[in-house]
Amino acid sequence: MSNDPPSPVSSPLSYLELVKICDNFRLPPNYGSTDVFQKPSDTNSFVPWTLSQNPGSPAVGLLRLDVVDLLRKEKPGTWVIPEPQPGYRVSFDASVNTPRKRNAVLKELCERWRDTGAFPASIGPRKWRNEMYPVFRNPFGVHDYYPENNSDEELGNYAFEMERAACALFGVVTYGIHMTIYEGIASSPQVKFWVPTRAKTKQTWPSWLDNSVAGGIPSGMPVFESLVKECEEEASMEADFVRNHAKPVGTISYFFRNKMHFLQPEVEYNYDLGIPHNTPFQPRPSDGEVESFDLLSLDEVKTKMRQGIFKPNCASVLIDFFVRHGHLTPDDEPDYMEIITRLHGRFEYERWCQ
């Protein structure tokens, strides 16, 4: 996450370097050992967050030690934080055992932390999004939704939801949609891309270049409906046009640590939309999140990417487009295999509860 406008780099970045800016974190070798808990100020150490202390309870996040210390001060009956030992993990109290109860605990806690000035650079009033993000028992599983479930019988994959701005504090996996809108033939060197410049007033990444349409997936909203909503809000696009022409093309996933050393493991659902031949098209800013849209050539997009002025995950989405349409091949890119594998990571999830 950046609060500063972009500044072009002096030396062009490689495609692998662009991917590494986005996929920039790996768990340290001593993750899970007791020695990491001896330095509460250490921003490189993390503790797993599970739904309960029961063996096999799924990990839903990774907590920095200063967040754990603040959770220790919460009232009894909401959190369990054992003494450091192998297999140590933070969890909800056994009584907080349904989505509805977890939602209530997190809503009260996050709003109180916001109002009392805890982590203001992440969840202060200026950073607050007032948008709920889902958290799932299996981050690679189905996106279902049971917010009012008040039974201790788990109905599905949905575990709880929380304020978007607080997700990085808790290291939970979040989800978004990113669409590349292009004119011409996708595999042609003459293809052009609609590229927005983010508004100067954006809470994050102001004035950076972005994908044609992009946004987070709110709790309870299906993936494709999130795309339709963002197209209407960000680019003034008719819903029927999006439904008829947007094509799902896969995902990218990456393990990102922001400048404040909080973790943001993210999955982006990608879409392509080719403008039909002889169809007039001009995206227009609508909700104040975009400054302008420009139609750029393939070479212009590549140059601006390598200058480092695209939002990092948006550069990765475009690299995925280049791979899928033959603009980046194993014959012309020496780092091809590492690029491919790093665009589809699993956040070392199997190690979270080792």
Side-chain angles (χ1 to χ4, degrees), residues 15-16 18-23 133-134 136 139-143 173-188 191-196 198 205 208-218 221-235 237 239 241-256 264-275 281 283 289-290 293 296 298 301-302 304-305 310-329 333 336-347:
Y15 290 124
L16 180 56
L18 287 168
V19 171
K20 285 182 175 180
I21 292 171
C22 188
D23 183 45
Y133 268 9
F136 299 108
F140 309 108
V142 65
H143 287 215
V173 178
T174 60
Y175 306 85
I177 53 89
H178 284 242
M179 185 160 72
T180 302
I181 303 176
Y182 63 91
E183 304 216 6
I185 299 172
S187 59
S188 168
V191 66
K192 293 186 176 182
F193 302 87
W194 282 103
V195 176
R198 293 166 66 89
W205 308 100
W208 290 69
L209 300 185
D210 208 321
N211 293 131
S212 307
V213 174
I217 300 176
M221 183 171 289
V223 176
F224 190 72
E225 292 308 310
S226 298
L227 175 70
V228 173
K229 176 182 76 75
E230 292 294 338
C231 286
E232 292 177 315
E233 293 177 355
E234 290 189 355
M237 295 172 64
F241 183 81
V242 177
R243 296 185 193 282
N244 289 335
H245 298 291
K247 307 297 183 186
V249 294
T251 65
I252 66 168
S253 48
Y254 48 86
F255 210 170
F256 181 64
Q264 295 179 249
E266 295 182 326
V267 175
E268 308 297 356
Y269 290 84
N270 294 342
Y271 292 80
D272 287 353
L273 193 155
I275 302 302
F281 179 77
E289 296 196 358
V290 171
F293 286 92
L296 302 182
L298 176 62
V301 169
K302 287 181 175 180
K304 292 179 184 296
M305 286 170 61
F310 269 89
K311 185 170 174 271
N313 62 346
C314 299
S316 290
V317 169
L318 285 166
I319 290 171
D320 178 71
F321 183 99
F322 295 167
V323 170
R324 290 185 288 102
H325 295 290
H327 300 296
L328 192 63
T329 73
E333 173 53 62
Y336 187 83
M337 276 306 300
E338 187 168 0
I339 289 170
I340 297 295
T341 55
R342 293 188 71 146
L343 285 174
H344 302 93
R346 289 178 58 87
F347 327 122

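Note that this is a predicted model, so its numbers are computed, not measured.
- Tyr336 and Leu328 make their closest contact through CE1-O, 3.4 Å (heavy atoms, listed as atom of the first residue, atom of the second, distance).
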### Task
Mind running side chain to side chain contact (heavy atoms under 4.5 Å, CB included) on Val301 and Phe322 for me, showing each step along the way?
CA-CA 11 Å; Val301 169; Phe322 295 167; 4.2 Å; yes

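- Scanning all heavy atoms of the two residues, the minimum distance from Tyr133 to Pro218 falls at CD1-CA, 4.3 Å.
- Side chain of His344 to main chain of Thr251: a donor-acceptor pair is present (N/O by atom type, distance under 3.5 Å, no hydrogens or angles).
- The aromatic rings of Tyr271 and Phe224 sit tilted, their planes meeting at an angle between 30° and 60°.
- One finds the NZ atom of Lys302 at 7.0 Å from the NE2 atom of His327 (value rounded to the nearest 0.5 Å).
- The line from CZ of Phe140 to CZ of Arg346 is 4.0 Å long, rounded to the nearest 0.5 Å.
- Going from atom CG of Asp320 over to atom OG1 of Thr180 covers 8.0 Å, rounded to the nearest 0.5 Å.
- Ring geometry for Phe321 against His325 counts as tilted: the plane angle lies between 30° and 60°, on a 0 to 90° scale.
- Under the 3.5 Å distance criterion, the side-chain polar atoms of Ser187 are left unmatched by any main-chain donor or acceptor of Gly326.
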### Message
Working note: Glu225 + Arg243, criterion salt bridge (Lys or Arg N to Asp or Glu O under 4.0 Å); need CA distance, chi angles, decisive distance, verdict.
### Response
CA-CA 9 Å; Glu225 292 308 310; Arg243 296 185 193 282; 2.8 Å; yes

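- Within the 3.5 Å criterion, the main-chain N or O of Gly345 finds a donor-acceptor partner in the side chain of Ser253.
- Taking 4.5 Å as the limit, some side-chain heavy atom of Cys231 sits within range of a side-chain heavy atom of Leu227.
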### Query
Checking side chain to side chain contact (heavy atoms under 4.5 Å, CB included) for the pair Glu338/Val19: CA distance, chi angles, key distance, verdict?
CA-CA 9 Å; Glu338 187 168 0; Val19 171; over 6 Å; no

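- Distance check: His143 NE2 to Ser226 OG gives 9.5 Å after rounding to the nearest 0.5 Å.
- Nearest heavy atom pair, residue Leu273 against residue Val242, reads CD1-CA, 4.3 Å.
- The distance between the ring centers of Phe293 and Phe281 does not fall below 6.0 angstrom.
- Of the inter-residue distances, the one linking Lys192 atom NZ with Leu298 atom CG reads 11.5 Å to the nearest 0.5 angstrom.
- In this structure Asn313 satisfies the side-chain hydrogen bond (donor to acceptor under 3.5 Å, both in side chains) test together with Tyr254, Glu268, Lys311, sequence neighbours excluded.
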### Message
Go through it in stages, so that I can follow the logic: the residues are Met237 and Val213, the test is side chain to side chain contact (heavy atoms under 4.5 Å, CB included), and I'd like the CA-CA distance, side-chain angles, deciding distance and then a yes or no.
### Response
CA-CA 10 Å; Met237 295 172 64; Val213 174; 4.3 Å; yes

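- The aromatic rings of Tyr175 and Tyr269 are tilted relative to each other, their planes meeting at an angle between 30° and 60°.
- Between Ala214 and Glu230 the shortest heavy-atom distance is O-OE1, 3.6 Å.
- Remark: Thr341 engages Met337 in a side-chain contact (heavy atoms from CB on, under 4.5 Å) (not counting sequence neighbours).
- No donor-acceptor pair under 3.5 Å is formed between the side chain of Asp210 and the backbone N or O of Pro196.
- Remark: side-chain polar atoms of Arg342 are paired, donor with acceptor, to backbone N or O of Asp23 under 3.5 angstrom.
- Considering all non-hydrogen atoms of both residues, Tyr15 and Ile339 come closest at CB-CD1, 3.7 Å.
- Note that CG of Asp272 is 10.5 Å distant from NZ of Lys247, once rounded to the nearest 0.5 Å.
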### Task
Evaluate the side chain to side chain contact (heavy atoms under 4.5 Å, CB included) criterion for residues Val317 and Phe310: first the C-alpha distance (whole Å), next the side-chain angles of each, then the deciding distance (0.1 Å), finally the verdict.
CA-CA 11 Å; Val317 169; Phe310 269 89; over 6 Å; no

